[in-house]
Amino acid sequence: MPVQPTFLTTPIYYVNAQPHLGHAYTTIAADVYARHMRQRGEDVFFLTGTDEHGDKNARVAAELGLTPQAFVDRNSANFLRMTEDVRATQDFFIRTTDEGHMRFVQDFLQTLKDNGHVYEGTYEGLYCTGCEAFYKEEELVDGLCPDHGTKPEWLQESNWFFRLSAFQQPLLDHYDAHPDFVSPQSRFNEARSFISGGLDDVSLSRASIEWGVPLPWAPDQTCYVWFDALLNYASAMTYARPGEDLTARYWPPRWQLLAKDILKFHAVIWPAMLMGAGYALPQRLMIHGYLTVRDTKMSKSIGNVLDPFAVIEAYGVDALRFYLLRDVRFGGDGGISYEAVHERYHSELANDLGNLVNRVIAMIGKYRDGVIPDARCETGIANAVELAREAIGRHVADMELTEALEAAWSVVRDLNRFVDARAPWVLAKDPALAAELDEVLYTLADGTRACAILLAAVLPDSAPRILAALGAGDDVAWEQAAPNLLAAGAQTAATGPLFPRVEEPLGSAAP
RNA sequence: GGCGGCGUAGCUCAGCUGGUUAGAGCAGCGGAAUCAUAAUCCGCGUGUCGUAGGUUCGAGUCCUACCGCCGCUACCA
């Protein structure tokens, strides 16, 4: 199979806030895809990072007595640490304050202008200085800013505009020619109908905001933060590897992941910008939904969200990764809770998978002195592995991560069924059945090994531990996700429980 | 208001272009087994498929109306 370049991105996260579950969610999903494609031997470039310009940051920095740069340095570091905490394996962590990025933004804007897509105009409206944004009258609450409760002022400023309106037809043409441009389908329809409803030009600059990228032809204005931010996906190609331009190798992105709240920026403005500058468009955008905390009578406290770091601490990072992709169909909205984490962790990770590994290792230890017998994988299990491998490959490629996990889990369930059906403890009592016992034990060890490969992208901590326990080495290459590849004679190694039981769900004893 | 979507077992949800007795997981009940983190396996659901009509030989699956919920309806990340 030829090595394919695979460029995928998460949005860059706005450093004004602390990293939270939403950030972790997108990052984890992207990481699962990246790890999977690396298993398949593809040439992956996984990009994530932070969005650092905008007046909001400058103001908060001032309140804290920091320079804007010091402030974003500190907060960006929190996001970088978050990617490490969830075991994300990005190939580059971009920051919009990077010199390489800012230079690219200026070049890009100049290209847009040279191509005739930028003009000077006047923007006027009700402006809230707190929000750094214009409001329509109907958006105000009693004539006041809905966020700040202050009275917006009528402001008029000269801005530079991007001729988005000119791209309505080209965008529609692209949507019609690429029916899988935006997933899920409902988001595709939403974006397309938005475009067909008519596009207005958008201002791409701000006057009187200093914390940003100056327009190359009008340094008194800075680039509107969204233009600045969107361009990270392209700018990273030019400087992520010093002295090397990766654009030819990776562009365009195969997948760009984002949550539904920023659909229009990515599905309308972003492709139009790329068209205007002569870039190829991303192949596919994956729009995922919101994780909502279940509205139970129990949770009275406001802002009682699920803390991903608390879950990692209590259950391990694999549990968080598994839970988020398993319990909520990737792409849609879904309710989450600490109780559900607790249930999934025990019923599936601990009982189904963890206990499977444990019982297999125990039986091989007890009946064969911890040596993998010389036998062949039973055909039913072998077929199940082959089927799951095919299904998972297909699902992950289409960013159907929940479905992929379901396909992997069916093999785990098959293996547990197989244990009971063949009852090795009965076979062990009759020396005449030694060959059958060998086959059963080999099948269990080999099948469990294959499951570890199938799940390695989701469970980066546990999969290698399973392989080690089975004496199966540490190669998680996708070709290994096939039956009969466990070497006979390998020595198993006892391990503690992979997923030790946890007494109480988080949040059950709130102070 | 306009456009779009959703409403399926106690819970969370699958059900592609209409076609055998509507499915899965969890929870619950009963049983088996003992290798294992008391984990596992087997069996058990008469569900008005939101409501009322319609098209069809046949409709969760298409059409209409209605009820309920939700998203989008241009520049706060």
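So that the names make sense, note that chain A is the first sequence line, chain B the second, and so on, each numbered from 1. Nothing here was measured: the structure is a model prediction, and the numbers come from that model.
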Go through the steps to decide whether His342(A) and Leu506(A) satisfy the test side-chain contact (heavy atoms from CB on, under 4.5 Å), and finish with yes or no.
CA-CA 8 Å; His342(A) 196 74; Leu506(A) 290 164; over 6 Å; no
On RNA chain B, does the nearest nucleotide to Phe265(A) precede the nearest nucleotide to Arg326(A) from the 5' side, or the other way round? Give the residue.
Arg326(A)
Taking the side chain of [X] as heavy atoms from C-beta outward, which of [options] is closest to it?
{"X": "Ala362(A)", "options": "rA36(B), rC26(B), rA77(B)", "answer": "rA36(B)"}
{"X": "Arg417(A)", "options": "rC26(B), rC35(B), rC41(B)", "answer": "rC41(B)"}
{"X": "Met363(A)", "options": "rC41(B), rC35(B), rA39(B)", "answer": "rC35(B)"}
{"X": "Pro497(A)", "options": "rG71(B), rU37(B), rA36(B)", "answer": "rU37(B)"}
{"X": "Glu190(A)", "options": "rA36(B), rG71(B), rC41(B)", "answer": "rG71(B)"}

For the side chain of Asn355(A) and the base of rA36(B), is some donor closer than 3.5 Å to an acceptor across the two?
yes
Side-chain-base donor-acceptor pair under 3.5 Å for Asp261(A) and rA77(B):
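For Asp261(A), whose side chain was compared with the base of rA77(B), there is a donor-acceptor pair (under 3.5 Å).
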Looking across every strand, which nucleic acid part, if any, lies under 4.0 Å from [X] by heavy atom: base, sugar-phosphate, or nothing?
{"X": "Gly496(A)", "answer": "nothing"}
{"X": "Arg422(A)", "answer": "nothing"}
{"X": "Ile361(A)", "answer": "nothing"}
{"X": "Leu498(A)", "answer": "base"}

Identify the heavy atoms of Gln256(A) and Trp270(A) that sit nearest to each other, and give their distance.
OE1-NE1, 2.8 Å
Quick one: the dot-bracket string of RNA chain B, using Watson-Crick and G-U wobble pairs with both distances under 3.5 Å, [ ] for crossing pairs and | for bases paired to another strand.
(((((((..((((.....[...)))).(((((.......))))).....(((((..]....))))))))))))....
Measuring to OP1 and OP2 of [N], would you say a side-chain N or O of [X] lies under 4.0 angstrom away?
{"X": "Asn189(A)", "N": "rC3(B)", "value": "no"}
{"X": "Arg344(A)", "N": "rC26(B)", "value": "no"}
{"X": "Lys260(A)", "N": "rC72(B)", "value": "no"}
{"X": "Arg501(A)", "N": "rA39(B)", "value": "yes"}

Evaluate whether atom CD of Glu436(A) has more than 12 neighbouring non-hydrogen atoms of other residues, nucleotides or ligands under 6.0 angstrom away.
yes
How about Glu313(A): does its CD atom have over 12 heavy atoms from other parts shown lying under 6.0 Å from it?
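Atom CD in Glu313(A) is not crowded, with 12 or fewer foreign heavy atoms closer than 6.0 Å.
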For rU51(B) and rC67(B), measure between their P atoms and round to the nearest Å.
15 Å
Residue pair Phe227(A), Val213(A): steps toward the side-chain contact (heavy atoms from CB on, under 4.5 Å) verdict
CA-CA 10 Å; Phe227(A) 276 74; Val213(A) 181; over 6 Å; no
Name the orientation of the base relative to the sugar in rG25(B): syn if the glycosidic angle is within 90° of 0, else anti.
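What rG25(B) shows is an anti base, its glycosidic angle lying more than 90° from 0.
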Pair Tyr345(A), Tyr323(A) - check side-chain contact (heavy atoms from CB on, under 4.5 Å), show working.
CA-CA 7 Å; Tyr345(A) 175 81; Tyr323(A) 172 75; over 6 Å; no
Take atom NZ of Lys366(A) and atom C1' of rC35(B), then tell me their distance rounded to the nearest Å.
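Answer to the nearest Å: 6 Å.
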Rounded distance (Å) that lies between atom C1' of rC3(B) and atom CZ of Phe188(A)
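Value for this atom pair: 16 Å.
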Identify each atom pair where a protein N or O and an N or O of nucleotides 30-34 of chain B are less than 3.5 Å apart, giving names and distance.
none

